[in-house]
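One structure is given below, encoded as structure tokens.
Just the heavy atoms: all of them, side chains too, but no hydrogens, waters or symmetry mates, feed the values below.
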Amino acid sequence: SLLKRRGQRMEEFHALESAVEQTARDEVEGDRHHRIRALQEVSMEIARVDEEILRTAPASMSVLHPRSVTLREVQASLRVKEAVLLLFVSDRGVHSALIKRDASAYRFAPIERTTLRRHVRRLRQALDLGLPREQRVEFDSAASHELYRASIGLYEDELSDVGEIAIVL
């Protein structure tokens with residue numbers, strides 16, 4: 001189906017986008033230019049699929065390209081003791097925004113993406129009970145604490161009265 005094809009192309013797009021970022025960091029120009037061209041081709045294919053979806057099933061486009069919501073709309077949808085924490089990881093660190101019914105805040109934690117990935121990988125190896133015992137590692141409380149300080153820990157005071165939090169990464 002068109003939606004499945006679009007989903008596959010979006011996955012391909014995101015994988016290529018990550019590869020372009022990686023080659024930029026590794027300073028591999030030939031690979032980077034090749035991946036940028038592939039990324040542009042996939043992007044054009046997604047646009048073609050979107051046009052076909054719009055032509056054949058226009059109601060589906062609201063799902064594919066939803067309208068942006070405002071901060072006030074998000075706040076109005078929250079109950080008094082609810083919050084949403086949005087996290088975005090960049091090469092420089094973690095950008096985050098906490099949204100509560102009556103307040104919002106932005107914070108930045110300067111932690112490298114490679115450090116985050118290393119911590120997450122190690123913690124998954126410790127917590128994933130689906131892994132064979134010999135592949136599991138000891139829980140790394142220092143890594144866990146560093147991830148906490150770069151995310152939820154930035155908002156300790158603001159979260160003191162929150163009972164439920166949705167975290168969007």
Donor-acceptor contact present, side-chain E158 to main-chain A105, <3.5 Å: no
R118 and E146 ion-paired at < 4.0 Å: no
For the student: nearest non-hydrogen atoms of F108 and R92, plus distance: CZ-O, 3.4 Å
Heavy-atom neighbours of E138 CD exceed 12 at 6.0 Å: no
E82 side-chain N/O to R101 backbone N/O, donor-acceptor pair under 3.5 Å: no
All N/O donor-acceptor pairs, side-chain side in residues 120-131, below 3.5 Å, sequence neighbours left out:
{"residue": "R122", "atom": "NE", "partner": "D140", "partner atom": "OD2", "Å": "3.4"}
{"residue": "D128", "atom": "OD1", "partner": "G130", "partner atom": "N", "Å": "2.8"}

Scan the side chains in residues 40-48 for donor-acceptor partners under 3.5 Å anywhere in the protein, sequence neighbours excluded, and list what turns up.
{"residue": "E45", "atom": "OE1", "partner": "R48", "partner atom": "NE", "Å": "3.3"}
{"residue": "E45", "atom": "OE1", "partner": "R48", "partner atom": "NH2", "Å": "3.1"}
{"residue": "E45", "atom": "OE2", "partner": "R5", "partner atom": "NE", "Å": "3.4"}
{"residue": "E45", "atom": "OE2", "partner": "R5", "partner atom": "NH2", "Å": "3.4"}

With E73 via salt bridge (charged side-chain N to carboxylate O under 4.0 Å, His left out) - residues at least two apart: R67
Donor-acceptor contact present, side-chain Y155 to main-chain S96, <3.5 Å: yes
Electrostatic pair R149-E156, nearest N-O below 4.0 angstrom: yes
Within-4.5 Å side-chain heavy-atom neighbours: I111 and V94: yes
Salt bridge E164-R79, side-chain N to carboxylate O under 4.0 Å: yes
